[in-house]
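Comments concern the structure below.
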Amino acid sequence: MQKITVKPGAKLVDYKAYGSLYSSVLDFTEQSKEPIESLKGRTIWMINSTAIGGGVAEMLPSQMRILRELGVSIEWLVIEAKKDAFFDLTKRIHNAIHGSGNGIFTEEDRKIYEEVNQNNLSKALELINDGDIVVVHDPQPMPLAAMIKKKKNVSIIWRCHIGLEDDTDVTDAVWKFLEPYTNDYDHFVFSLPSYVPNPLKNRTSIIPPAIDPLSHKNRELQLHKCIGILYQSGILDDHKAILYHRYKHLVRRVMPDGSFDVLDAGKNLDLIYRPIVTEISRWDRLKGFKELMEAFIKMKVDNRKNGDPKSLEYKRIEMTLLVLGGPDPSFVSDDPEGKEVLKELTETYKTVDKNMQNDIAILLLPLDNPKENALIVNALQRSSSIIVQNSIQEGFGLTATEAMWKRKPVLVSNAAGLKYQVVDNKTGKINPDPTDIENLSKTLAYMLNHPKERDKWGFNGQLRVIQNFTLFSQLLSWLGTLSANKT
Ligand code: UDP
């Protein structure tokens with residue numbers, strides 16, 4: 001069990017200074033007073049299974065910083081698990097909550113599950129006191145809080161970040177496997193009402209995940225930084241390419257001899273206009289990377305077959321790059337499947353036509369340095385014309401919210417969380433079936449060739465995030481839930 005230190009970062013005054021967030025901060029400060037007062041004298045313990053990578057590790061630090069600034073005592077613990085078998089099992093549980101896998105969980109599985117959690121118990125008991133509130137994120141540490149509750153007078157809450165809208169045999173089986181622990185919990189938090197299994201319905205709050213608009217991943221980033229990152233990752237041959245993409249009409253300069261200075265490549269604007277389509281996610285089959293790559297290839301092949309080489313539409317598609325970004329698997333501790341999925345994607349990539357390979361970049365991002373990783377993701381998202389989240393299942397895709405905050409049009413599947421985040425034809429496009437390559441490729445081409453709509457969707461998307469998905473609306477819901485569920 002490891003206690004994670006949260007570094008200093010943005011304060012309320014910084015958010016307030018950011019024009020579009022001003023009223024959110026004022027409302028939050030006013031409405032949070034009462035629940036915060038009621039939590040005095042207790043510590044909130046957040047427990048999960050990794051300090052880097054994935055949505056939970058992404059959101060906790062900023063939430064904790066704001067709550068601490070307002071006087072809440074809140075800490076973050078990460079469980080230790082040295083066994084591959086444990087993470088294999090918790091990944092199967094994760095997949096089963098999403099409705100995939102065979103739904104078979106054995107007594108041997110339970111033994112592994114409980115043993116790893118039991119190994120973290122003594123350290124947890126040293127730190128946690130009577131009256132505290134323990135919030136467990138996702139399935140990995142679920143038995144631990146139930147064990148703590150047997151020894152201390154604490155309330156325990158399970159925050160489930162995943163879910164499936166329809167019950168299946170597989171979801172029934174996994175909820176049955178988890179029942180001995182859910183029975184001990186005081187309260188649950190899910191992202192959408194439709195994710196809540198029936199037996200937990202009257203003990204659950206709904207809190208959609210949110211982003212921190214001022215984190216390294218979401219804060220404004222200067223163009224030169226974005227260009228630098230694209231250049232460094234090898235997906236741009238030349239710094240100039242993206243500059244021309246942004247600035248069609250170049251500023252000219254009068255030279256000492258009276259001539260005008262203009263950069264040479266300016267003559268070939270059509271050729272260096274390179275829209276970028278990006279999906280950034282964990283390497284997980286449910287994220288639909290492979291399908292996106294196939295759709296992208298199909299779009300290009302169809303364009304070459306049917307398009308008019310002289311038209312702007314043809315050139316735009318011809319010049320488009322696809323970026324598939326995900327964690328460098330050597331840094332991720334709780335995702336054994338990631339390496340395998342990346343290998344499958346790499347194998348498919350190897351079979352792609354050589355010409356086409358240059359238009360596709362599979363990037364492994366350095367998760368060992370969270371700040372650097374966040375800035376790279378930020379730069380990639382900001383340099384993109386379209387952000388895709390082609391998930392086959394998705395609890396709630398933070399990447400789509402991050403993109404919308406950056407005024408990017410999004411192309412998402414209708415996996416439950418995403419269709420709640422994105423409004424079709426208003427903040428982007430919802431493609432009903434992420435495995436329908438034909439439709440995906442057409443929607444991508446449509447979006448690429450409608451830049452005015454893309455601008456409009458990007459603008460609407462940012463507004464939607466401010467109104468619904470920033471950490472302020474989320475923290476208010478959390479404070480309400482915590483103060484209603486203390487011992
Ligand atoms: N992410 C990242 N680097 C990567 C892949 C993902 O920083 O290489 C981040 C991404 O920007 C997002 C989070 O990890 O903030 C993933 O959250 P999401 O809800 O999209 O998916 P999850 O991983 O929770 O299923």
Side-chain angles (χ1 to χ4, degrees), residues 48-63 90-91 94-95 97-98 100 137-140 159-164 191-192 195 207-213 215-219 221 229 233 278-289 323-335 337-339 341-342 345 361-382 384 387-406 408 410 412-413 415-418 420-422 465 469 471 474:
N48 80 328
S49 65
T50 178
I52 46 169
V56 180
E58 175 71 28
M59 280 153 51
L60 273 183
S62 0
Q63 294 174 345
T90 56
K91 185 76 193 184
H94 175 106
N95 289 344
I97 294 176
H98 273 311
S100 62
H137 293 261
D138 286 335
Q140 298 90 338
R159 199 322 175 196
C160 182
H161 292 266
I162 44 184
L164 184 71
S191 297
L192 290 180
Y195 290 165
I207 307 183
I211 57 152
D212 173 3
S215 66
H216 290 301
K217 184 159 296 169
N218 296 310
R219 68 174 166 84
L221 211 57
I229 298 219
S233 61
T278 300
E279 173 163 328
I280 297 173
S281 263
R282 287 179 295 102
W283 304 114
D284 184 324
R285 283 182 201 93
L286 295 176
K287 300 292 184 185
F289 278 117
V323 172
L324 304 176
D328 189 328
S330 46
F331 300 124
V332 184
S333 56
D334 71 343
D335 188 7
E337 213 177 71
K339 276 195 180 99
V341 175
L342 177 61
L345 198 65
I362 300 177
L363 302 181
L364 307 184
L365 311 181
L367 272 197
D368 59 327
N369 183 333
K371 181 176 169 190
E372 222 165 78
N373 169 66
L375 287 172
I376 292 172
V377 172
N378 191 344
L380 287 173
Q381 288 172 332
R382 284 186 191 278
S384 303
I387 300 289
V388 184
Q389 191 59 52
N390 191 44
S391 304
I392 290 150
Q393 291 293 340
E394 189 64 75
F396 204 94
L398 269 186
T399 48
T401 308
E402 289 158 7
M404 282 155 68
W405 164 248
K406 298 178 181 95
K408 296 295 164 185
V410 285
V412 299
S413 67
L418 291 167
Y420 176 72
Q421 293 165 264
V422 176
V465 172
F469 305 123
L471 89 165
Q474 186 191 41

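Numbering starts at 1 and runs along the sequence shown. Order of listing sets the numbers, starting from 1, for every ligand and every atom in it.
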>> Does Gln389 form a side chain to side chain contact (heavy atoms under 4.5 Å, CB included) with Val410? I'd like the steps, not just the answer.
In response: CA-CA 8 Å; Gln389 191 59 52; Val410 285; over 6 Å; no
>> Walk me through whether Glu279 and Lys287 qualify under salt bridge (charged side-chain N to carboxylate O under 4.0 Å, His left out).
In response: CA-CA 9 Å; Glu279 173 163 328; Lys287 300 292 184 185; over 6 Å; no
Hey, does the side chain of [X] reach the backbone of [Y] with a donor-acceptor pair shorter than 3.5 angstrom?
X      : Y      : result
Tyr420 : Phe396 : no
Asn378 : His216 : yes
Gln381 : Ile387 : no
Lys91  : Glu337 : no

In the protein, which heavy atom is nearest to [atom], and how far is it?
atom                    : answer
atom 23 (O) of ligand 1 : Arg282 NE, 2.7 Å
atom 24 (O) of ligand 1 : Gly55 N, 3.3 Å
atom 6 (C) of ligand 1  : Ile280 CG2, 4.0 Å
atom 3 (N) of ligand 1  : Asn373 OD1, 3.4 Å
atom 11 (O) of ligand 1 : Glu402 OE1, 2.9 Å
atom 1 (N) of ligand 1  : Lys217 NZ, 3.9 Å

Within-cut-off N or O pair, [X] and ligand 1, under 3.5 Å:
X      : result
Gln389 : no
Pro327 : yes
Leu398 : yes

> Ser191 pairs by side chain to side chain contact (heavy atoms under 4.5 Å, CB included) with which of Pro208, Cys160, Pro209?
Replying inline: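 Running side chain to side chain contact (heavy atoms under 4.5 Å, CB included) over Pro208, Cys160, Pro209 with Ser191 returns exactly one hit, Pro209.
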Hey, is [X] touching ligand 1 through its side chain, its backbone, both or neither, going by heavy atoms under 4.0 Å?
X      : result
Asp284 : neither
Val377 : side chain
Lys287 : side chain
Ser281 : backbone

>> Please list, in number order, the atoms of ligand 1 under 4.0 Å from a heavy atom of Phe396.
In response: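 Ligand 1 atoms under the 4.0 Å threshold to Phe396: 19 (O).
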> Which of the numbered atoms in ligand 1 are below 4.0 angstrom from a heavy atom of Thr399?
Replying inline: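 So the atoms of ligand 1 that pass are 10 (C), 11 (O), 12 (C), 20 (O).
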> So, for Thr401 and Phe469, which heavy atoms are closest and what is the spacing to 0.1 Å?
Replying inline: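 Closest approach of Thr401 to Phe469: CG2-CB, 3.7 Å.
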> Can you say whether the rings of His161 and His137 are parallel (under 30°), tilted (30 to 60°) or perpendicular (over 60°)?
Replying inline: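 His161 and His137: parallel rings.
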> Side-chain contact, heavy-atom cut-off 4.5 Å: Leu380 with Leu363?
Replying inline: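 Yes, side chains in contact.
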>> Any atom of ligand 1 sitting under 4.0 Å from a heavy atom of Gly326?
In response: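 Yes, that is the case, since the closest heavy atom of the residue is under 4.0 Å from the ligand.
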